[in-house]
Amino acid sequence: MALPVPAAPPAGTSGLPQFDPAQWPGQIVWVLIVFAVLYVLFAKVFVPSVGGAIDAREAKIAGDIAEARRLKGEAEAQAKAAAGEMDEARENARQVAAGAKAQAKTAAAGRRAEEAGRLAKGFEEAEARIAATKGEAMGHVRTIAADTARAMIERLTGAAATGGEVERALGAPAAQA
């Protein structure tokens, strides 16, 4: 299939209307109309909306920066307040600990004194029992000595000694210590 051949332009024309000076006045009018329409559209519609968007964005950024600075100031103030509260809490904890320590020392001293008193009483009672046992034992020494003397006499002499003879041999009881 063969391609159609374009028709040749009529005689006396240069071929392209843009290069034909006879058509320039009409083209200039249309260029001016299109330029005026585009100028009005850009000047009244597009540029203000873009400019408004840019201005709105700048205002939002400035507002966000101001809000961030305000929040930063509040955060710093809260941090200082929290640090003050922490210092106060530490001081209170130190005072409570010191009070508890003093109370524990007082309670321990009271328990030590009570225990010392109880031990002293126990020592006194033990010493009294020891003294009583010693006194009782010393009372039995004379009887033991008499029995021992009687057994020795009987063994040595072969005859039993009388109670009076043993008592005279032992002598009068000495004052007990």
Side-chain angles (χ1 to χ4, degrees), residues 38-177:
L38 288 176
Y39 179 79
V40 170
L41 283 175
F42 274 95
K44 301 294 181 186
V45 177
F46 299 130
V47 172
S49 67
V50 171
I54 291 172
D55 291 341
R57 184 69 183 144
E58 287 177 359
K60 176 154 179 39
I61 290 170
D64 289 348
I65 290 172
E67 179 69 13
R69 286 184 179 143
R70 183 187 66 80
L71 291 174
K72 180 183 177 188
E74 286 179 9
E76 288 173 352
Q78 289 176 354
K80 286 180 183 177
E85 289 175 1
M86 287 296 291
D87 291 342
E88 184 178 327
R90 282 188 189 110
E91 181 61 26
N92 287 342
R94 189 193 62 74
Q95 289 176 355
V96 167
K101 185 177 179 181
Q103 186 178 9
K105 280 185 178 180
T106 303
R111 285 192 302 269
R112 272 195 304 270
E114 180 182 316
E115 190 64 27
R118 201 166 45 88
L119 286 174
K121 183 179 177 184
F123 285 145
E124 289 173 5
E125 290 174 359
E127 286 177 359
R129 284 193 310 267
I130 290 171
T133 304
K134 181 180 176 183
E136 184 181 332
M138 292 307 278
H140 293 299
V141 168
R142 187 164 182 84
T143 306
I144 293 170
D147 289 344
T148 305
R150 213 175 279 128
M152 286 173 54
I153 290 172
E154 188 177 330
R155 179 137 186 165
L156 290 174
T157 61
T162 63
E165 290 173 334
V166 173
E167 286 296 323
R168 272 193 313 257
L170 288 176
Q176 291 186 0

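Count residues from 1 along the sequence.
Listed by first then second residue, pairs satisfying salt bridge (Lys or Arg N to Asp or Glu O under 4.0 Å) with a partner in residues 41-57 number zero, not counting sequence neighbours. Identified under the side chain to side chain donor-acceptor pair (under 3.5 Å) test for residues 110-120, with sequence neighbours left out: E115-R118. A salt bridge (Lys or Arg N to Asp or Glu O under 4.0 Å) check over residues 64-84, counting only residues at least two apart or in different chains, returns the pairs K60-D64, E67-R70, R70-E74. The list of salt bridge (Lys or Arg N to Asp or Glu O under 4.0 Å) pairs with a residue in residues 148-160, not counting sequence neighbours, reads D147-R150. Legend: ring pair (Phe, Tyr, Trp, His ring centres under 6.0 Å) pairs involving residues 46-90, not counting sequence neighbours, sorted by first then second residue: F42-F46. Sequence neighbours left out, the pairs with a member in residues 90-106 that pass salt bridge (Lys or Arg N to Asp or Glu O under 4.0 Å) are D87-R90, E91-R94.
Contacts of I130 classified as side chain to side chain contact (heavy atoms under 4.5 Å, CB included), with partners at least two apart in sequence or in another chain: none.
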Hey, can you pull the donor-acceptor pairs under 3.5 Å for the side chains in residues 119-128, sequence neighbours left out?
none

